[in-house]
Amino acid sequence: MEWLRSIAASSRRSSDKIEVDRWINGGLQRVLCMQGGDDDGSYANNSEATASAISLCKPLLLNAIESMKLMECNICTSVRIADLGCATGYNTLATIDLVVETVRVRYLKERGLEPELEVFFSDLPSNDFNSLFRSLSKRASSREYYAAGVAGSFYHRLFPRRKLDIAVSLSALHWLSKVPDEVLDKRSAAWNKGRAWIEGANKQVVEAYAKQSEKDLEDFLSCRKEEIARGGLLFILMGGRPHMQSNQLADSDSRAKHPFTTSMDQAWQDLINEGLIDEDTRDMFNIPAYMRSIEEVERGINRIGGFQIERIEYKRIVEHSEEKQKEWMRDPLSYGRAKANLVRATLRPIVDAHLGPYLSHQLFNRFQSRVSSDLNLLHTTCFYGIIVLSAIRI
C-alpha cells in the first residue's frame, strides 16, 4: 500500500494547483464534457438512459414540429436547426435525423419543394467533435442536411439574431455553467463537506445550487430569445423533478441507487481512508448538475419572456430494463462494471482535471467495487426524472 500512496502523492505534487483552481472557479467549461471516443467507458456506449428519455419524448418533439408556424416564420427555402449540448454518439444523430425528416416531409407537403437544411451541432470546446464528425462522414451519401460544428457554451450567444428556426437541447441543460462559489468556500454555510453532489446536503447548499441554476437558465433563455426567429421552436429535455421540493431525486430507492450519491461518496471516502487524498481534495469536488422543478422552468420562461409554452411535462424513466436487472443479479460484478462505465462516461473529464488520471482511475475502481458488493442495489429500482418543454418564439 505504501507504493500506492507514494504514486498518489507524486501525482498530487505534479498536478498544477493553479490549473485545478482555474477549472473549479470559472474554467469548468474547459473540461466539462461527456467522455469521448468509442471504448467501454465512452458516452457513446453508455447513454442508454438518455436514449430512453429521447424515445419517450419523441411524440412530443414530432408534435411540436408539426404544430409550429414554420411556413410563416421562414419565407425562404432554408431551415436552420441547432442541437445545443449535442455531445457525441448515436443519440444526437438519430434525433437530428428525426427532426430533419419531419421538417422535410412537411415542406414537401405544404410547399411542394425540398428545403435546404442546415444543422449546427453545438457543445463546449472540450466535446469530442472529432468522433461526432467521423460518424457524420460515414453518413455523407445519405445525409439530407449541411452540417457544422459550433463550439461554445449555450449559456452565451452562439448564433446571430434570428438565425435559428428550431433549437433542441437534449439531456444537457441540467449541467450548470459552474459550481456555486459558496459551495467551495470552507467559511460558507454552503460548504458541501463530505458529498460529491447536493442530494441530501443542507439547505444552504441546495439554495446555492438553485440560485446558480436560476441564473444559468435565464442566461440560456435570453440567448435563445435573440437567436430563434419568431415562430421558431425551442424544445428542451433535461433532468428534473416534479415539484419545488428539497430532494433532487423523487424517491428513497433512487436516492440510494443514483450514481452521484451513496456509492460515489463511499468511493471518495475510500481514497481518503487509504491515504491517497485528503478531505479537502474530496470536498473541493462537486458535480455541477441541478434538477430543476417545473415551477423553476416556468418562472424562468415568464421572467425572460419572448416564448410561449406549448407544453411542459415531468416524466420518469427507469435506469435499465428488467432483462438487464435479471442479468446483473446473476453477475453482480458486471453490474458494477456497467455502473462504473456510466459514471466514467459522464464524470471522467472533470474528475481527471481535479485528481489527475491516476487517482481518477482509482476513484472509479473504488466506485465499481462498492456497487458490485452492495447486492441490495440490485433489488431496488432507480428512476431518472426528466422535464420536457416545447415553446414557440413569439
Side-chain angles (χ1 to χ4, degrees), residues 34 43 45-61 85 87 91 95 169-176 195-201 206 209-210 213 236-266 287-298 311-329 332 334-347 367-368 370-372 374-389:
M34 300 299 100
Y43 180 74
N45 288 322
N46 291 279
S47 50
E48 181 182 347
T50 301
S52 298
I54 293 172
S55 178
L56 182 66
C57 300
K58 177 180 175 181
L60 301 180
L61 176 57
N91 290 333
T95 302
S169 180
L170 306 175
S171 196
L173 199 53
H174 49 269
W175 293 103
L176 302 179
R195 288 185 176 84
W197 195 38
I198 61 171
E199 179 61 40
V206 175
Y209 266 80
S213 167
I236 300 171
L237 184 160
M238 59 182 157
R241 65 193 200 279
H243 305 295
M244 286 292 292
Q245 56 189 27
S246 59
N247 291 327
Q248 290 282 281
L249 305 169
D251 62 90
S252 58
D253 282 353
S254 295
R255 290 195 290 274
K257 199 175 184 183
H258 194 283
F260 290 175
T261 57
T262 306
S263 298
M264 175 59 65
D265 290 338
Q266 290 171 341
I287 298 169
Y290 181 82
M291 308 302 159
R292 297 179 181 91
S293 68
I294 286 180
E295 293 93 332
E296 288 172 314
V297 176
E298 290 177 330
R311 195 161 184 171
I312 184 167
E313 294 184 11
Y314 170 80
K315 293 179 177 292
R316 292 203 313 172
I317 57 171
V318 67
E319 64 169 338
H320 50 67
S321 65
E322 290 185 14
E323 291 75 15
K324 276 286 187 184
Q325 185 157 351
K326 291 176 181 177
E327 175 188 330
W328 286 330
M329 284 181 177
S334 68
Y335 176 64
R337 286 193 297 270
K339 294 290 280 189
N341 283 336
L342 171 64
V343 173
R344 285 188 183 96
T346 52
L347 297 182
F367 177 88
Q368 179 174 326
R370 284 289 184 173
V371 173
S372 298
D374 190 348
L375 298 182
N376 290 329
L377 292 179
L378 286 170
H379 295 276
T380 60
T381 301
C382 176
F383 291 95
Y384 298 124
I386 57 173
I387 288 177
V388 187
L389 166 76

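- The distance from atom CZ of Arg195 to atom CD1 of Ile287, rounded to the nearest 0.5 Å, is 12.5 Å.
- Relative ring orientation between Phe260 and Trp197 is described as perpendicular, the plane-to-plane angle rising above 60° on a 0-90° scale split at 30° and 60°.
- Between Val371 and Gly336, the closest heavy-atom pair is CG1-CA, 3.9 Å.
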**OP:** Quick one: do Arg241 and Glu296 satisfy side-chain contact (heavy atoms from CB on, under 4.5 Å)? Show the steps, please.
**Re:** CA-CA 10 Å; Arg241 65 193 200 279; Glu296 288 172 314; 3.2 Å; yes

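- Lys339 contributes atom NZ, which lies 10.5 Å from atom CE of Met264 (distance to the nearest 0.5 angstrom).
- Relative ring orientation between Tyr209 and Tyr290 is described as parallel, the plane-to-plane angle staying below 30° on a 0-90° scale split at 30° and 60°.
- Rounding to the nearest 0.5 Å gives a distance of 12.5 Å between CG of Leu61 and CD1 of Ile236.
- Residues Ile294 and Ile312 approach most closely at CG2-CD1, 4.0 Å, considering heavy atoms.
- Contact of the Gln368 side chain with the Arg344 side chain is registered, since non-hydrogen atoms from C-beta on lie closer than 4.5 Å.
- Contact detail for Thr346 and Trp175: the closest heavy-atom pair is O-CH2, 4.3 Å.
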Subject >> CA sep, side-chain torsions, deciding dist, call: Ser293, His243, side-chain contact (heavy atoms from CB on, under 4.5 Å) >> reply: CA-CA 5 Å; Ser293 68; His243 305 295; 5.7 Å; no

**OP:** Check the pair Cys57 / Ile386 against side-chain contact (heavy atoms from CB on, under 4.5 Å), numbers first and verdict last.
**Re:** CA-CA 10 Å; Cys57 300; Ile386 57 173; 3.8 Å; yes

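- Atom CG in Leu60 sits 10.5 Å away from atom CG in Leu389 (nearest 0.5 Å).
- Side-chain contact between Met238 and Val297: present, with at least one pair of heavy atoms (C-beta onward) separated by less than 4.5 Å.
- A donor-acceptor contact closer than 3.5 angstrom links the side chains of Arg292 and Ser213.
- Here the OG1-CD distance, from Thr261 to Gln266, works out to 9.0 Å after rounding to the nearest 0.5 Å.
- Taking 4.5 Å as the limit, every side-chain heavy atom of Ser372 sits out of range of all side-chain heavy atoms of Tyr335.
- With sequence neighbours excluded, the residues forming a salt bridge (Lys or Arg N to Asp or Glu O under 4.0 Å) with Glu313 are Arg311, Lys315, listed by chain and number.
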